[in-house]
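The basis for the numbers below is simple: all heavy atoms, side chains too, and nothing from hydrogens, waters or symmetry mates.
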Amino acid sequence: MSTEARASNFIEEIVEEDLRTNKYGGRIHTRFPPEPNGYLHIGHAKSICLNFGLAQKYGGLTNLRFDDTNPTKEDTEYVDSIMADVRWLGFDWGDRLFYASDYFEQLFDYAVRLIEAGKAYVCDLSADQTREFRGTLTQPGKNSPYRDRSVGENLDLFLRMKAGEFLDGTRTLRAKIDMAHPNLNMRDPVMYRILHAHHHRTGDKWCIYPMYDWTHGQNDSQERITHSICTLEFENHRPLYDWFIKELGIFAPQQIEFARLNLTYTIMSKRWLLQLVKEKRVTGWDDPRMPTICGFRRRGYTPEAIRAFCDRIGVAKFNSTIDMQVLEGAIRDDLNRRANRVMAVLRPLKVVIENYPDGQTDELEAINNPEDPSAGTRKVPFSKTLYIEQDDFRETPPKGYYRLAPGVEVRLRYAYFIKCVDVVKNAAGEVVELRCTYDPTTRGGNAPDGRKVKGTIHWVSAQHAHSAEVRLYDYLFNKPDPSDVPEGETFLANLNPNSLETIADAKLEPSLAAAKPGDRFQFERLGYFCADTKDSQPGKPVFNRTVTLKDTWAKLERKS
RNA sequence: UGGGGAAUGGUGUAACGGCAGCACGAGUGGCUCUGGACCACUUAGUCUAGGUUCGAAUCCUAGUUCCCCAGCCA
């Protein structure tokens, strides 16, 4: 397998080398290890694609393992959402679903082994004292006064910790390494803390819980993980993981660190995302403005697009920030190929075709997807009174504008050429209606005399139109780096007040009334839209804008 | 300040001592019944200073800048 595909990043290079040297008996086994304390976001997608992708590419396996070592923060709600999101992304962990809590018993035995070997001790220092004793970045720490307890005393105390004899925070089990080590992680790190808390899986069985650092490496080892891939901040912890594995004398996986994903105009911090949800700055974890997997799903993103995105951004150790446009490019790419085209008018302007017979209707044939002939065609009703986009008419057109204007002829997509002959305004002077004429010989969109029009605009027949709510989403933050705030302010200061615009009464072509939740469309000339999975009712879909189409005209106009 | 990492066009990412390539963006033109898509072309880069070498993004030396670490979080 490795012979046909050239390594595309430094991790694949390592894997190929290990395969070549038969380092793990030619085996490759990865894992995705989320903590169930929040919903998965696009940054996790990068890790998921990496871990599962590696195994797929090199004929290995990937486990899903929940890192549930802190019962005060974890919940089954998150477990369920994480599994759903990984599956939705298109990955399968087979029967290899694990939890760190599956290994609590084994881990406890390992701890006893370290105590017996004189490599771990029970410490009575408080959290504050522990911090003081740890020293600083430049100054060595001091040994805990409890560091030299006998093995017997340590064993007794540790058993009693487990038995629930002590209050939270009164004692810890610590590894006995080196309080003067230049790497602070090696200064007698805490292995167990006392936490009388209910665990989502083990219930009230335990009142001591292992720290992540004491857990993770051993779990990887127990699962025979060959390549333990994690983010850069754990690079400092690797010596500690290696120390535990060595002292225990168990299978040694290889940890490889890569840079986590950063994206412009959004945040990836679970803590901040939770805050947005809790403070109701968004409607929930799956708000279509959220960078969560479920947010993107609801917004209309496809798993294929997210995978393509992860592919495009690469994997490296450099701390970079990807432009949101890369993600948008990926979804446009995918939806351009697969989404059916329809016509929808977001901000309707009434158009009356003066020379079209009263009461007459016609049905015109429209192509569903020019990128995919097999998608076929459909009929779109036409009549005397129509809606067009307000933005597709200018009373005094700027240079380069080639949509509708007084005296100007444009094409109604798949229908007729029309010419604007009069403009009706209200008392406030606003344009409320256009009077136009049509050329009956241009039915279908082409003139027999061969004359051309510059503009083609979309439209909906007024009497046939289906009204619907449409939600236009913009970036959640109005700064590329939302954490960039003035002194004393928080990231909330950069929240984009216009991240959601709701259009209560958009006019859609009638076929859209039958849209099912989750159906995706291209609204011609506007963007890609998805029928909302929560708020749509049968026969009454609500649409979310996934992403706009590229808009060359808007760009031109902005420049002038 | 101790330790651990990292620096390549605007943004990302390749190169494994031998022509600095690719993607996205940006720009120009073509095509078009979506100002979409598509096609073509253009733009623009090796952190700095020395050294080794016929030849350096790559090796060596010194520096600069950025990121991570002082939770009984993960």
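- Checked against a 6.0 Å centroid threshold, the rings of A:Tyr241 and A:Phe234 do not count as neighbours.
- Two rings, from A:Tyr78 and A:Tyr39, have their centers less than 6.0 Å apart.
- Ionic pairing of A:Glu371 and A:Arg338 is not present here: no N-O contact between side-chain nitrogen and carboxylate oxygen is shorter than 4.0 angstrom.
- A:Arg403 comes within 4.0 angstrom of a nucleotide base, judged by non-hydrogen atoms across all strands.
- The stretch residues 363-380 of chain A touches RNA chain B through A:Pro370, A:Glu371, each having a heavy atom within less than 4.0 Å of the strand.
- When the C1' atom is compared between B:rA49 and B:rA56, the two are found 15 Å apart, to the nearest whole Å.
- A:Thr215 comes within 4.0 angstrom of nothing in the nucleic acid, heavy atoms only.
- Across the C1' atoms, B:rU65 and B:rG30 are found 45 Å apart, a figure rounded to whole Å.
- A straight line from OH of A:Tyr414 to P of B:rU34 spans 8 Å, rounded to a whole angstrom.
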**Request:** Mark up nucleotides 63-74 of chain B, 5' to 3', with B wherever a protein heavy atom is under 4.0 angstrom from a base atom, S wherever such an atom reaches only the sugar-phosphate, and - elsewhere.
**Result:** ----SBBBSBSB
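- Comparing the P positions of B:rA40 and B:rC31 gives an interatomic distance of 15 Å, to the nearest angstrom.
- A ring-centre distance under 6.0 Å is found for A:His199 and A:Phe104.
- With 3.5 Å as the limit, one finds a donor-acceptor pair spanning the side chains of A:Gln129 and A:Ser126.
- Note on A:Val315: only backbone sugar-phosphate atoms sit closer than 4.0 angstrom, heavy atoms only; bases stay farther off.
- The aromatic rings of A:Phe477 and A:Phe491 sit tilted, their planes meeting at an angle between 30° and 60°.
- If you look at A:Phe158 and A:Tyr121, their ring centroids are not closer than 6.0 Å.
- Within the cation-pi definition used here (under 6.0 Å to the ring centroid, within 45° of the axis), A:Arg171 qualifies as a partner of A:Phe166.
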**Message:** If you apply the rule side chain to side chain contact (heavy atoms under 4.5 Å, CB included), what do you find for A:Leu364 with A:Arg443, and how did you get there?
**Reply:** CA-CA 8 Å; A:Leu364 298 156; A:Arg443 185 174 189 279; 3.6 Å; yes
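- Shown here for A:Arg520 and A:Cys530, the closest heavy-atom pair between the two residues is CG-SG, 4.2 Å.
- Side-chain rings of A:Phe521 and A:Phe529 stay apart, their centers remaining 6.0 Å or farther from each other.
- A salt bridge links A:Arg260 with A:Glu233: the closest approach of a Lys/Arg side-chain nitrogen to an acidic carboxylate oxygen falls below 4.0 angstrom.
- Using atom P as the reference point in both B:rG17 and B:rG25, the two lie 34 Å apart (nearest Å).
- Looking at heavy-atom distances under 4.0 Å, A:Leu549 makes contact with a base.
- Applying the ring pair (Phe, Tyr, Trp, His ring centres under 6.0 Å) test to A:Tyr265 and every residue at least two apart in sequence or in another chain returns A:Tyr475.
- Using atom P as the reference point in both B:rA57 and B:rA20, the two lie 8 Å apart (nearest Å).
- A gap of 6 Å separates the C1' atoms of B:rA7 and B:rC47, to the nearest Å.
- Across all strands, A:Thr138 comes closer than 4.0 Å to base atoms (heavy-atom distances).
- Taking the six-membered ring wherever Trp is involved, the centroid distance between the rings of A:Trp553 and A:Tyr402 does not fall below 6.0 Å.
- In this structure, A:Tyr402 reaches the bases: a heavy-atom distance under 4.0 Å links it to at least one base atom across the strands shown.
- Distances shorter than 4.0 Å separate none of the side-chain N or O atoms of A:Arg341 from OP1 or OP2 on B:rU34.
- In this structure, B:rG29 shows a glycosidic angle more than 90 degrees from zero, which is the anti conformation.
- Rounded to an integer number of Å, the gap from CE of A:Met179 to C1' of B:rG2 is 15 Å.
- Here A:Tyr401 lies in heavy-atom contact (under 4.0 Å) with a base.
- Nucleotides B:rU42 and B:rA62, compared at atom P, are 43 Å apart to the nearest Å.
- Look at CG on A:Asp334: it is 15 Å from P on B:rA37, rounded to the nearest Å.
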**Message:** Can you give me the dot-bracket string for RNA chain B, 5' to 3', counting Watson-Crick and G-U wobble pairs with both distances under 3.5 Å, using [ ] for crossing pairs and | for partners on another strand?
**Reply:** .((((((..((((....[..)))).(((((.......)))))....(((((..]....))))))))))).....
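- Dense packing is recorded around NZ of A:Lys379, with more than 12 heavy atoms of other residues, nucleotides or ligands lying under 6.0 Å away.
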Give me the distances for all protein-to-nucleotides 24-26 of chain B N/O pairs that come in under 3.5 Å?
unit_1: B:rG25; atom_1: OP1; unit_2: A:Lys550; atom_2: NZ; d: 3.3
unit_1: B:rA26; atom_1: OP1; unit_2: A:Lys555; atom_2: NZ; d: 2.8

**Request:** Take A:Arg413 and A:Met343 through the side chain to side chain contact (heavy atoms under 4.5 Å, CB included) test and state the conclusion after the steps.
**Result:** CA-CA 9 Å; A:Arg413 176 138 238 228; A:Met343 290 197 283; 4.1 Å; yes
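- In this structure, the CZ atom of A:Arg260 is 18 Å from the C1' atom of B:rG12, given to the nearest Å.
- Rounded to an integer number of Å, the gap from NZ of A:Lys317 to C1' of B:rA14 is 18 Å.
- The 5' end of RNA chain B is approached more closely, in terms of each residue's nearest nucleotide, by A:Phe318 than by the other of A:Leu526 and A:Phe318.
- If you take CD of A:Glu389 and P of B:rG36, they are 17 Å apart, rounded to a whole angstrom.
- Nucleic acid contact class of A:Gly400 (heavy atoms, under 4.0 Å, all strands): base.
- Here B:rG36 presents its P atom at 13 Å from CD of A:Glu524, a figure rounded to the nearest Å.
- Crowding of A:Lys479 atom NZ: a count of heavy atoms from other residues, nucleotides or ligands under 6.0 Å exceeding 12.
- B:rG4 atom P lies 11 Å from atom CD of A:Glu235, rounded to whole Å.
- Under a cutoff of 6.0 Å and an axis angle of 45°, A:Arg201 and A:Tyr99 form a cation-pi pair.
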**Complete:** Each nucleotide of nucleotides 40-45 of chain B classed B (base within 4.0 Å of a protein heavy atom), S (only sugar-phosphate) or -, in 5' to 3' order, makes ------
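- Here, B:rG27 and B:rU43 have their C1' atoms 7 Å apart, quoted to the whole Å.
- Here A:Thr321 does not reach the OP1 or OP2 of B:rU11: none of its side-chain N or O atoms lies under 4.0 Å away.
- Between the base of B:rU34 and the side chain of A:Gln522 there is a donor-acceptor pair shorter than 3.5 Å.
- Stacking of A:Lys162 on the aromatic ring of A:Phe108 is recorded, both the 6.0 Å distance cut-off and the 45° axial limit being met.
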